[in-house]
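To keep things clear, I will list the structure first and then write my remarks on it.
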Amino acid sequence: MTVAAAQGAADSAASLVQSVDWLAIAPPALTAAVALIVLVADLFVPERRKPLLGALSIAGLAAALLLLLPLRAGDRSTFCLTADADVCSYTADQFTLVIQLLVLGGALLTALLSITELGGGRKLPPGEFWFLLLSSAAGAALLPAARDLATLVVALEVATLPAFALVGLKRGDRLSSEAALKFFLSSVTATAVMLLGVSFVYATTGTLHLTEIASRLDDVPGKFETLASAGVALTLVGFAFKAAAAPFHFWVPDTYVGAPLPIAAYLSVVGKAVGFSGLILVTVIAFPSHSDVWGPAVAVLAALTMTVGNVAALRQSATRAWSAVRLLAWSSVAQAGYLLVPIAAAAYAGTDQIGSTVAYALMYAVVNLGAFAVAALVARTKPLNRLADYRALASERPLVALAMGFFLLCLAGLPPGIVGLFAKVTVFSSAVDAGLGWLAVVMAVNVVVALYYYLQWTAALFRAPETAEAPDSPATEPALKPAGPLAAHRAPAPVLAAIGLTAAAGVALSGAPQLVLRFAAETLF
């Protein structure tokens, strides 16, 4: 071989070697690395030192959050095609950073709620729990940065598969096992449908990169047009399941009840962030030319989801076991309907509407995690976690009751929860601006319907305590005895910290809701 030929071969080989932007991938990479460290350390750490694994996990999530700060300057991309540096598989833009902030912040608050649930004779094994939580958080943080369908699907499954195990991690608990099985079977079915859609899209475009798909879908031969439309529709199914959009919502109430409460909180916020960020990426970036297919479908899904969620929440009995968790579960389904509205509007009025979904997601994440934190505190003394158990909470823990009332008013969109009101007005405006008047009317009716159960729960917090509590019905209630008044038990500091952090964030955002709206507006593609 001549020197020139050897040099040419070396240059060709060098062109295939990509440099990795380690700072861009640092948040999910650090989270995954800490998960592996916890997994290995669990084999060697003695039982009495297992709490150190929790401290390490919290420190890792906090460090991953801090690594978002250097990325604020602008877009950073890596894992790009050697033939076209503009086509990349990983992009850390403003949208990515906002969703990663939501995901990692939600995982951090979930970790705070979980510390007191692990070890010490409880049903949750510490090592497995922290590894699974961190693994799921790493996948969830990777997903908003994915810019090709392969990475998107892998990130979705990395976020979801550990969640199955987290839901069923309570040893010897029948409800937990049933919830995990239902969650697993429905998710696997949705994933199979989504993969079929991805294969159709790849067959018609010959690429998996989102921007390339967008350009090639404009020029699909007529004989493949039906196949391409079917691929678009089927791909959306998997993300609609993760977002708990009706009719793919049926797993939500039983899964939330059977899962440990911190994991129910995690699924309600981080799980939704995964579903909605994936839905936004495939619709706005990959399938804009097929907005006539996914636009009306998402609009119908939004109307159906918010209606089903609110109607089911209205039917919750105050004395039914776990009715508080079930109400939060159905409320999260209704909130998913509101989150879908701006995505549907984007099909008619452009990507400017996506900022409304991001703003609403940030508000919802803060207040819903706070509501679950209060539910976790009440469950320590009243394991049935009924709505009736929250009556007169103000007389036992006034600050906790005030925080819970504030969270519920934010979800309802009423003052002093100004951030919730602003978020709902923004979503409502996106529907009106897009010409979806009928969807705006459906949303307005649902917001009024939701006021009933939110205000009823809020009022119960400040009512006088009952003189005598009626015995539980053996037909509907498990044979569990309450552990005594909440005030007689010392609240764990991590749980109080989670309540305090979410309440402080909610109050700050209510005082300056324009910050959220401006921040969300910067996430446009």
Side-chain angles (χ1 to χ4, degrees), residues 109 112-113 116 261-262 264-265 268 313-314 316-331 363-364 366-421 450-470 472 477 480-511:
L109 287 170
L112 286 176
L113 293 177
T116 57
L261 264 178
S268 73
L314 283 174
Q316 299 307 308
S317 169
T319 57
R320 182 184 180 185
W322 304 293
S323 55
V325 179
R326 286 187 176 276
L327 192 147
L328 286 174
W330 286 115
S331 165
M363 179 281 301
Y364 168 78
V366 170
V367 298
N368 207 62
L369 281 170
F372 268 102
V374 175
L377 179 61
V378 172
R380 297 183 67 83
T381 56
K382 298 176 180 178
L384 295 180
N385 219 323
R386 304 166 301 180
L387 289 168
D389 294 332
Y390 292 78
R391 178 165 181 162
L393 181 62
S395 64
E396 300 180 4
R397 291 195 180 275
L399 292 179
V400 173
L402 283 173
M404 185 63 170
F406 175 70
F407 297 142
L408 293 173
L409 291 176
C410 283
L411 290 171
L414 290 177
I418 302 298
V419 67
L421 175 62
L451 291 178
Y452 175 78
Y453 60 81
Y454 284 131
L455 291 178
Q456 188 179 48
W457 194 352
T458 304
L461 300 172
F462 302 96
R463 285 179 183 160
E466 293 179 333
T467 55
E469 186 175 348
D472 295 336
E477 306 290 344
L480 294 174
K481 294 182 180 180
L486 189 61
H489 294 259
R490 185 175 181 179
V495 176
L496 291 179
I499 296 173
L501 287 172
T502 50
V507 170
L509 295 178
S510 292

- Message: Let's go through V374 and I499 carefully: what are the C-alpha distance in whole Å and the side-chain angles of both, what is the deciding distance for side chain to side chain contact (heavy atoms under 4.5 Å, CB included) to 0.1 Å, and is it a yes or a no?
- Response: CA-CA 7 Å; V374 175; I499 296 173; 4.0 Å; yes

- Message: On a heavy-atom basis, which atom in P416 and which in F406 lie closest, and how many Å separate them?
- Response: O-CE1, 3.6 Å

- Task: Check whether any side-chain heavy atom of N385 lies under 4.5 Å from a side-chain heavy atom of L261, and answer yes or no.
- Result: yes

- Looking at CE of M363 and CD1 of I418, how far apart are the two atoms once the value is rounded to the nearest 0.5 Å? 12.0 Å

- Would Y390 and K382 count as a side chain to side chain contact (heavy atoms under 4.5 Å, CB included) if you check the C-alpha gap in whole Å, the side-chain angles of each, and the deciding distance to 0.1 Å? CA-CA 9 Å; Y390 292 78; K382 298 176 180 178; over 6 Å; no

- Side chain to side chain, F462 and L393, heavy atoms closer than 4.5 Å: no

- Query: Counting only N and O atoms by type, is there a donor-acceptor contact under 3.5 Å from the side chain of N368 to the main-chain atoms of S268?
  - Reply: no

- Rounded to the nearest 0.5 Å, how far does CD of Q456 lie from CG of L314? 9.0 Å

- Query: Is there side-chain contact between R386 and R320, with at least one heavy-atom pair below 4.5 Å?
  - Reply: no

- Side-chain heavy atoms of L409 within contact of P415, under 4.5 Å: no

- Task: Taking all non-hydrogen atoms of both residues into account, name the closest pair between P492 and T116 and its distance.
- Result: CB-CG2, 3.3 Å

- Message: So, taking the atom named CH2 in W457 and the one named CG in L327, what distance separates them when rounded to the nearest 0.5 Å?
- Response: 5.5 Å

- Task: Could you tell me which non-hydrogen atom of L328 sits nearest to which non-hydrogen atom of A375, and how far apart they are?
- Result: CD1-CB, 4.5 Å

- Message: Between L112 and L501, is there a side-chain heavy-atom distance shorter than 4.5 Å?
- Response: yes

- Item | Heavy-atom pair with the smallest gap, counting every atom of V495 and A373 | CG1-O, 3.7 Å

- Contacts of A503 that satisfy side chain to side chain contact (heavy atoms under 4.5 Å, CB included) - sequence neighbours left out: A403, F407

- Message: Test side chain to side chain contact (heavy atoms under 4.5 Å, CB included) on M404 and T458; report intermediate values, then the result.
- Response: CA-CA 8 Å; M404 185 63 170; T458 304; over 6 Å; no

- Has the side chain of S323 got a donor or acceptor atom that lies under 3.5 Å from a matching backbone atom of S317? yes

- Task: Evaluate the side chain to side chain contact (heavy atoms under 4.5 Å, CB included) criterion for residues L377 and V400: first the C-alpha distance (whole Å), next the side-chain angles of each, then the deciding distance (0.1 Å), finally the verdict.
- Result: CA-CA 9 Å; L377 179 61; V400 173; 3.9 Å; yes

- Query: So, do C410 and Y364 sit near enough that their side-chain heavy atoms are less than 4.5 Å apart?
  - Reply: no

- With rounding to the nearest 0.5 Å, note down the distance linking CG in L461 to CG in L408. 6.5 Å

- Message: Distance check, rounded to the nearest 0.5 Å: L387 atom CG versus Q316 atom CD?
- Response: 7.5 Å

- Roughly how far apart are Y454 OH and L411 CG, rounded to 0.5 Å? 4.5 Å

- Query: Does one side chain, of Y453 or S331, offer a donor that lies under 3.5 Å from an acceptor on the other?
  - Reply: no

- Query: What are the two closest heavy atoms between A505 and V366, and how far apart are they?
  - Reply: CB-CG1, 3.8 Å

